[in-house]
Amino acid sequence: MKLLTKLTLTSTLSKIATVILFIILLPVLIDRVAFQSTNRLLKQQAKKVMTNIQTNGIDYYLQGDSTYGSYTLLREEYISLERAKHIYSPDTIQTAQRIIEGDTVMYRILNQAFEYNDQLYELEIGKTIASISQYNGPLQRIALYVLGLLTILTLLTDISFTRILLKPLQTIIQTKLINPVFPFKEIPSPIRTTTIDFKYLDNSLIELMKRIKEDFDREREFTSNASHELMTPIGILQTKMENLLLLNDLDETAMEKIMEMMKTLNRLKKIVHSLLLISRIENDQYARQDTIQPGRMIGEIIQELTHRLEDKNIRMTVVLQPLVTLRKMNHDLLFQLFYNLINNAIRYNKQDGGIHISDTLTVDGSYTVSIRDTGIGIDPSDIDTIFNRFRKKNTDGEGYGLGLSIVKSIADYHGIKLKVVSEVGTGTTVSVIFSSVA
Amino acid sequence: MKVLIIEDERGMALEMEDFLVKAGYLCDLAFTAKQARQLMEESPYDFILLDLGLPDKDGLLVLEDAKKSCPEASYIILTARGKLEDRIKGLDLGADDYLPKPFSLLELQSRMQAISRRKSGLKGNLVALGDFTVNLNTRMISYGDADIDLSKKEFDLLSYMLLNKNRPLTRMQLSEHIWGSFSDDDYDSNYIDVHIKNIRKKLTEHGTVEWLQTIRGVGYKIKL
C-alpha cells in the first residue's frame, strides 16, 4: 500500500473513531450538563424563595395557610411550601415522580428544610425531566453534522498536506533511483526539502551513488590496465613463437612442441579475452545504439558455422519473422550472444541431430527467439549454474566454460531474459526474450 | 618497403623487426614518441606501425602529429588496451587499420599487404602459384583460361598461405585467420584439413599442386 494511502487511512480511521466515541458519549454528557444546570437553577430559585421569606415573612407565600403550592401552566415547574413536623430529607436534589392533577410526571426535585419562627418548614421545587432533556436530540444532531463536516474538511487538508509533504520522496526516487542510468555519468544534485528525514535519505543515496561511481571508474581503469598488462606479454610470447617456427633448421619434434606451446598460449589468450569481455560488458563499455534484424544476424551466424554443422550432419531449420527489428542493441555483442548459443547447440548435439530456431512475438510486445537442439541435454540440477564462470559439465577438452557467462552478461546488459528448458538425452531449448520490440 | 615500428616493449619490437626483415621489409625501431618523431623527420616511411601505449605521449596524439610529417605512410595501430573509443578515434584520425594485441605476425603482414594492394589500385595483383594464377583483387584463381571455383573460405585460406608462402603455418594460425576471434582451435583445426583437401581436389583437376605441402603434426606450407 502506498505511504500516502496508509497515512490517509490512519488519519481517517482515527477521526472516525473519535467521532463515534464522541457521539456515544454525547447523550451522557448532555444529560450531565443539563442536570447540573437544573440543579443550579433549582438552588437559585430556593435561595430566592428564602430571601423573599426573610424580607417579607413566611405569609408572603402561605398567607395564613399551612401549605402553599404553585405550578406553571404546563406543569413544567412547581413549588410547594408546607409546615413540617420532622425533616426526612433535608437539602436533597433527586429525581422522583410526583402526581399533579392526576398526571404522573418525572421531576427533578429540590428539597430544603428550614426553621421560621420556631416552626419547621419544608420547601420543594421541581422541574420536569422532559423540560431538562428537551434539547438533547437537536444538540446531538447538530453536533453530528458539525463533526462530520469538520472530519471531511480536516481529512481533505490532511490528504493534500501529506501529498505535499511526501513529494520530496517522489522526487528522490525519480532523480536518484529511476532516472540515473548505470553507469552514472554525473551525480544528480540534492533535492530541496525542509524535511530532515528526506534530506538524510537523499544525501545517503547521493553518497551511495558517488561510491558506486568511484568503484566503477576504478574497475574501468583496472580493466584497461589489466588488458594491457596481460595482453602485452602474451603478444610478445606469440610473436617469439611465430618467429621460432619460421627458423629453417627445426626438426619435426621441435616444430610440434612449438605448436603445442602456441596452442596453450592461444588458450590463455582466449580466457583473458573472454574475462576482459565480460568485465567490459559489466563495466558498460559498449554502446547500445544499433538496430538489428535478428533473422539476418542469425543467418550470418549460421553461415559462419556451416562447417561445424556439416561435420556433425546437423539439420538446421530456421523459422523467423522477417520484419522484426531490435533497437538499442550492440551489434557485436548480440552477434556473440547468438553465436555462442548456436555454437553450443552444435557442440553438444548428436551426430545427425537437429537444431530448430523459431521466434514468437506476443501482444504485449515481447519477442522471443528460441533455439532448440536435439543434444545431450542438461541435468535439471545444473540448469541454475550453467551461466556461472568456468562452469562446464561436459568436459571433452572443448571450450573454457566462459561462453555462457558471456551470453549471460550480454543478456543482462541489454535487459534480455534467458530461459533454459532441458531434458537429459533429448535436448535443450534456450529462449532469448526481448522485453519490448518498439 | 620501409617500416617504422613504434613500440615501447622492446621484446615485441624486436620480434616484429625480425619477422618483417625476413619478409623483405626495411625496418627502423622507435621505443618512444620522441625517437619516432626524430626518425620520421629524417626519412619517409611506407608503413608506420604504432603502439598506442607509449610512455612519453598519448599514441593518438602521436598519430595526429605523424599524419602531418608523414602523410604518405600507411598507418596500422597496435594496442593492448582494446578500448573501443581508441579504435574509432584511431581510424577517424586516418589510420589504415587497427590490430588489437596480441596479434599474429602473419596477420600483421597480411594486413600490410592488403593495404598496399588497396593503395596500389587494381592493377598488378596477379600472383603466380605454380601453374596457377591468383588474382588477389577479383579473388579468382585460374589455370590458363579456366577459372577455378573455390568457396570464399577456401580462397581466403589459399591466399593467406600464398601471402605467407614458404612459411609453415599451423592449423591454429589458419583457423584464426579464417574465423577470427570466433575460432576454436580444437574444434576448427580439423576443418582446415577439410578445406585443404577440397582445395587440392579442385586444383588437381587442372594441374599439379606439389607446392601445397603438409607439415605433419603442424599444418601446411606453400613452397614456391
Side-chain angles (χ1 to χ4, degrees), chain A residues 220 223-225 227-246 248 250 252-253 255-256 258-260 262-263 265-267 269-270 272-273 276-277 280 285-287 301 303-308 310-311 332 335-336 339-340 343 346-347 396-399 403, chain B residues 8-16 18-19 22-23 51-53 78-86 88 100-108 151-153 164 166-173 176 178-192 194-195 215-219:
Chain A
R220 191 183 272 241
T223 325
S224 173
N225 289 339
S227 171
H228 182 255
E229 296 308 322
L230 292 167
M231 288 308 185
T232 304
I234 291 175
I236 295 173
L237 277 180
Q238 181 173 348
T239 49
K240 278 192 191 297
M241 286 177 198
E242 277 180 336
N243 277 333
L244 205 55
L245 200 63
L246 296 180
N248 288 324
L250 285 179
E252 217 170 78
T253 339
M255 267 188 145
E256 268 185 50
I258 295 168
M259 208 191 71
E260 289 304 320
M262 288 175 82
K263 267 192 171 177
L265 186 68
N266 196 42
R267 190 164 128 201
K269 188 169 91 178
K270 290 240 154 112
V272 173
H273 255 310
L276 287 172
L277 175 67
R280 287 204 178 100
Q285 295 185 25
Y286 291 90
I301 292 167
Q303 192 68 38
E304 203 58 38
L305 287 166
T306 312
H307 60 290
R308 296 186 194 174
E310 282 169 358
D311 182 57
D332 295 351
F335 189 93
Q336 178 100 53
Y339 183 95
N340 287 8
N343 194 28
I346 300 171
R347 172 178 286 166
D396 48 8
E398 293 168 352
Chain B
D8 66 317
E9 285 286 339
R10 278 162 203 263
M12 188 80 193
L14 292 170
E15 292 302 325
M16 283 162 69
D18 186 16
F19 180 88
K22 273 186 193 157
D51 175 36
L52 287 187
L78 313 170
T79 176
R81 296 212 176 258
K83 273 195 207 155
L84 195 73
E85 310 99 82
D86 284 356
I88 294 165
K101 282 185 188 172
F103 53 82
S104 157
L105 292 170
L106 305 177
E107 193 61 37
L108 174 66
S151 76
K152 185 182 172 294
K153 293 247 186 297
N164 290 294
N166 298 322
R167 287 179 188 147
L169 301 174
T170 69
R171 291 182 177 84
M172 192 185 76
Q173 287 171 320
E176 200 168 60
I178 300 288
W179 288 290
S181 59
F182 291 111
S183 85
D184 193 337
D185 43 290
D186 284 322
Y187 205 38
D188 282 331
S189 318
N190 302 334
Y191 304 112
I192 297 296
V194 175
H195 282 305
I215 307 165
R216 215 162 60 84
V218 177

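Naming convention: chains lettered A, B, ... in sequence-line order (proteins, then strands); numbering from 1 in each chain. This is a predicted model, so every value here is computed, not measured.
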Practice problem: May I ask you to name which of A:Ile234, A:Ile236, A:Ile258 has the most heavy-atom pairs under 4.5 Å with chain B? | Solution: A:Ile236
Quiz item: Which value, rounded to the nearest 0.5 Å, describes the distance between B:Phe103 atom CZ and A:Lys269 atom NZ?
Solution: 10.5 Å
Quiz prompt | Validation row: B:Tyr191, A:Glu310 side chains within 4.5 angstrom (heavy atoms) | solution = no
Quiz item: Which bit of A:Gln238 is near chain B, if near means a heavy-atom gap under 4.5 Å: side chain, backbone, both or neither?
Solution: side chain
Exercise. Kindly say whether B:Leu105 contributes a backbone atom to a donor-acceptor pair with the side chain of A:Glu242 at under 3.5 angstrom?
Key: yes
Exercise. Can you measure from CG (B:Leu14) to OG1 (A:Thr239) and round to the nearest 0.5 angstrom?
Key: 9.5 Å
Exercise. Calculate, to the nearest 0.5 Å, the distance between atoms CG and CG belonging to A:Leu246 and B:Asn164 respectively.
Key: 8.5 Å
Quiz item: If you look at every heavy atom in A:Lys240 and B:Gly11, which pair is closest and at what distance?
Solution: NZ-O, 4.3 Å
Exercise. Drop me the distance from A:Asn243's CG to B:Glu15's CD, to the nearest 0.5 angstrom.
Key: 4.5 Å
Exercise. State, to 0.1 Å, how close A:Glu256 and B:Arg216 come at their nearest heavy-atom pair, and which atoms those are.
Key: OE2-O, 4.1 Å
Quiz prompt | Among B:Thr170, B:Leu78, B:Asn166, residue most engaged with chain A (heavy-atom pairs, under 4.5 Å) | solution = B:Thr170
Exercise. Check B:Pro102 against A:Met231 and note the closest heavy-atom contact, atom names and distance.
Key: CD-SD, 3.1 Å
Quiz item: Is the closest side-chain heavy-atom distance between B:Glu176 and A:Asn266 below 4.5 Å?
Solution: yes
Quiz prompt | pair B:Gln173-A:Met262: side-chain heavy atoms closer than 4.5 Å | solution = yes
Quiz item: Distance from B:Ile178 atom CD1 to A:His307 atom NE2, nearest 0.5 Å?
Solution: 9.5 Å
Self-check item: Interchain contact, B:Leu108 with chain A, by part (heavy-atom threshold 4.5 Å)
Solution: neither
Practice problem: Compare all side-chain heavy atoms of A:Met259 with those of B:Met172 and state whether any distance is below 4.5 angstrom. | Solution: no
Practice problem: Go through the steps for A:Glu304 and B:Lys153 under the test side-chain contact (heavy atoms from CB on, under 4.5 Å), then give the verdict. | Solution: CA-CA 10 Å; A:Glu304 203 58 38; B:Lys153 293 247 186 297; 4.1 Å; yes
